Protein chains: 2
Amino acid sequence: MAIRLTDVANEAGVSLATASRVLNGSARKPAEEISLRVRAAAEKLGYFPNAQAQALARSSTKLVGLVVHDIADPYFSSIARGVQRGLDASGIQLLLTSTGAEHDREIAAVRAFMSHRTDAIIISGTRRLSGDQELMELLESYQGNGGQVAMIGQTFPATGGIQVDNAGTASDLAGELLKAGHRRFVVLAGNPNLVTAKHRADGFVSKLERSGVPVEEVLHGAFSREGGYLVMSDYLRGYQSTENTGPVCVFCVSDVMALGAIRAIREHGLRIPDDIAIAGFDDIPTLIDVTPSVSTARLPLEEMGRMAGEMVLAHSDSKLLVVSGTPVLRESTESR
Amino acid sequence: MAIRLTDVANEAGVSLATASRVLNGSARKPAEEISLRVRAAAEKLGYFPNAQAQALARSSTKLVGLVVHDIADPYFSSIARGVQRGLDASGIQLLLTSTGAEHDREIAAVRAFMSHRTDAIIISGTRRLSGDQELMELLESYQGNGGQVAMIGQTFPATGGIQVDNAGTASDLAGELLKAGHRRFVVLAGNPNLVTAKHRADGFVSKLERSGVPVEEVLHGAFSREGGYLVMSDYLRGYQSTENTGPVCVFCVSDVMALGAIRAIREHGLRIPDDIAIAGFDDIPTLIDVTPSVSTARLPLEEMGRMAGEMVLAHSDSKLLVVSGTPVLRESTESR
DNA sequence: ACTATCGTGGAAAGCGCATTCCCAATTCCT
DNA sequence: AGGAATTGGGAATGCGCTTTCCACGATAGT
C-alpha cells in the first residue's frame, strides 16, 4: 500500500540497511553522496517511515499516554496543554483518554496504553482514599517493564510526579480569608473519597480551627459543577446573613464547584460578595471571564502539565515535585 | 522485557497460532478447553498484547489522530470530548496534537499521524483562503492509502467531514438581532484569511445589507481572545452611543473573541448591553458562567466531534454533513 | 611491502504478532 | 465400511524496520 523503506533503497540503489541509516537517526552516517541519493529517492517516492514497525524494531514507541477525567474541563485541558508543550520539541505523540472519572475506564485506559507500549503514562485525576489498589499495581508492573509514570495532583508513593500541596495551600487560603476579615465559613468539600478534595477541605478546616474560628459546616457532594450547584442550592434554603456577623464565606474545593455554587447563589437572588462570599481552588483560566472575579488558590496548571511531560522525558528515576498554590483574593470575597 | 504471546502459548502448552486465535478476535475459535487454558495462562503471566506488533501484522492500528489549534480552548476541547465519545465504544485510541494554529505544525502533525499509520485523521481548525495546498495534497495521499479523513468546521472538497454553515448561521443571527431592535452594527471579523472567520463575517454583513441596515464597520484582527480585546479597545477610543440611535451591537465571529471584547468594554467603563451590545458565535460552554449572559449562535460542538468520530469509524466513503447553528439571544444584546 | 586497523556498505536475523497453508483426526454420507 | 468432507491445531511466512555481524577495500604502521 504505502511506500516502504525497501522501495526507497531500491530506488536509490542501496541496501535496506543503508537506507535505514540515512533516513533515521543512526549512529553510523553513510557517505554524503549516498545520503543524498537516498534522501532524493525518499522524497521522490513520498516515503513515510512506518512508526509501528520502527517501534517494534527499536523498543520505543515515541508515544506517551495521558489520562484525564474530562478533556472539556478547563482544569484538565490546561494540564493537557502543558503536557503537550512539555513534549513538543521531542517529536513525541500524545495518546489521550478521558475517563469521565470512572474508575473502570481509568484502568482500561492504562491497560490500553500499556498495550500500545507508550514510553510513559501521565495520570491526572484524583486518587481515591480507597480502591486504587488495582491501578497502582498496574502502574508498578508498567514501571517494572521500563515505563515512565508521572501523576499530576496526587501521586502514588511508587510513581512520583507532580504533587500538589493541597492541604498547605488550602490552609494559606484560609489564612488570607481570615486576614480579609471573614469570620463565618462553610466548605463545600466535594466527594470525601477523593484525596484531593479531602486534603483541601481538611487543610482549610484545620487552619481555621487552629485560628479559633471553626467552620460552621462542611458539606459533601459531587466534585463537579453540578455538585457545587446542588449542594449550594440546598444550603441556601436555610441561609441568612445576619447584620452583626456579615456574610458567610463559602470555600469550594475546586473552581468548577465554585462556579456551580455561584450559579445557585444567583438563582437564589443573593449578591456576591455582599450577601455571601465565595472562594474556589485551582484558578482555572475560565475565571478570567467571570464577574465578580472569584477568589481562589492559584495552581500553575499548564506549568504542572509541562513539568510532568518533561519529567517523563528525562527518564530519570521517578522524581517527585511538590508544588504549592498561592491564594489570590478577588472580588468574590471582598468584605465591606 | 514484557510477556509475549509466545510465552503464553508455551505456558498453556499450545502453539503460537492457537494462542493468537483465542486471545484475539479471530474467525477460528479453538475448542473450549484449550481456550480456557490459554486464557488462564495469559492471566497468570499478565500478558498484554503488543499493539505495535498487532498493527504491523494486521494492517490497522486502532488509532485515530485529532488535530486542533489549542486543546485548552473551550471550542476545541468540546469538540475533542465529542470525538472521544464517538470513538469510545470501539476501543480506539486518540492521538491528539495542538498546533497553536501554526500552519507548519499542522502539517507536521498530519505527517506524524501518517507515520503512525492512524486509521483516520480528524482535523478541526480553520482552513485558510490560501496556502492550504500542501495540507490538502497530504490528506489526499493519505486517503489514497486507505486512511479516513474528516474535517470539522471547514472541509476540503475531497475530504468531507462536518461542514458548518457559517454564512447562513451568521445571517440568521443578524436577522434575530434586527428583530430585537438593533440598528447599528459593527463586526469584529478576525483574521480575514481564515475561511471560517470570513464566512461568518460575510454572512452577517450581507444579511444586513439586504435588510437595508449596512454595518458601520468591519474590523479585522486576530481570531482569538487577545484579538477581540485589542480590536475592541481600539474601537472604543472613538465610540459614542448617542441618545437617538442607541448602542452599537458588536458581532464577534467567535465567542472567544467576544469574551476578549467584553473585557475591553468593561475596562473602558461601559455597560453591556446598555452602552454597547455584543454577540458571539459558537456557544462555548464557558459562556454559562459569564454575566451578562452573552448572545451567540449555538453550534453543537460536542455533537460535531462525536459525528466526526463516528464518521471515520463508519469507513464509508467520505461523507459530508452540514450543520447549522441556531441564534440564541441573551442579556448581552437586550435592548431597552 | 606486508600486516594490523579502520571505515563502509550489505546480508541476515530478529522485534511480536496474524494468518495462510498443511496435515492429522473426526464426523458424515451412501 | 470406506472414502469424502470437515474440523482443529501447528509450522512457517511476512508485516516494515533496526541492528548486529561480515566482508571488503582503503589507510596506516613498522
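We name chains A, B, ... by the order of the sequence lines, and we start the count at 1 in each one. The model shown is predicted, which means the values in this text are computed figures rather than measured ones.
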Are OP1 or OP2 of D:dG9 and a side-chain N or O of B:S15 less than 4.0 angstrom apart? no
When you match B:R58 and B:G13 each to their closest nucleotide on DNA chain D, which lands nearer the 5' end? B:G13
Can you figure out which of C:dC17, D:dG10, C:dA18 approaches the side chain of B:Y47 most closely? C:dC17
Rounded to whole angstrom units, what separation is found between the CG atom of B:L16 and the C1' atom of C:dG14? 14 Å
Just call it for A:A31: base, sugar-phosphate, or nothing, with non-hydrogen atoms closer than 4.0 Å on any strand. sugar-phosphate
Strictly below 4.0 Å: does B:T6 bring a side-chain N or O up to OP1 or OP2 of C:dG16? no
Between the side chains of A:S98 and A:D70, is a donor N or O closer than 3.5 angstrom to an acceptor N or O? no
Taking only the side-chain heavy atoms of B:L56 (C-beta and beyond), determine which of C:dC17, D:dG16, D:dT18 contains the nearest atom. D:dG16
What is the separation between atom CD on B:Q52 and atom C1' on C:dG14, rounded to the nearest whole Å? 17 Å
Can you name the closest pair of heavy atoms from B:M304 and B:I162 and give their distance? O-CG1, 3.8 Å
Where the side chain of B:Y142 meets the backbone of B:A120, is there a donor-acceptor pair that is under 3.5 Å apart? yes
Quick note, A:A17 side chain, CB onward, closest among D:dG16, C:dG9, C:dA11 is C:dA11
Using OP1 and OP2 only, check whether a side-chain N or O of B:N24 sits under 4.0 Å from C:dC17. no
I want to verify a distance call: between D:dG10, C:dC15, C:dG9, whose nearest atom is closest to the A:R21 side chain? C:dG9
Output yes when at least one side-chain N/O atom of A:Q54 is less than 4.0 Å from OP1 or OP2 of D:dC17, else no. no
How long is the straight-line distance from NZ of B:K29 back to CZ of B:R21, given to the nearest 0.5 Å? 11.5 Å
May I ask you to verify if any side-chain N or O of B:T18 is less than 4.0 angstrom from the OP1 or OP2 atom of D:dG10? yes
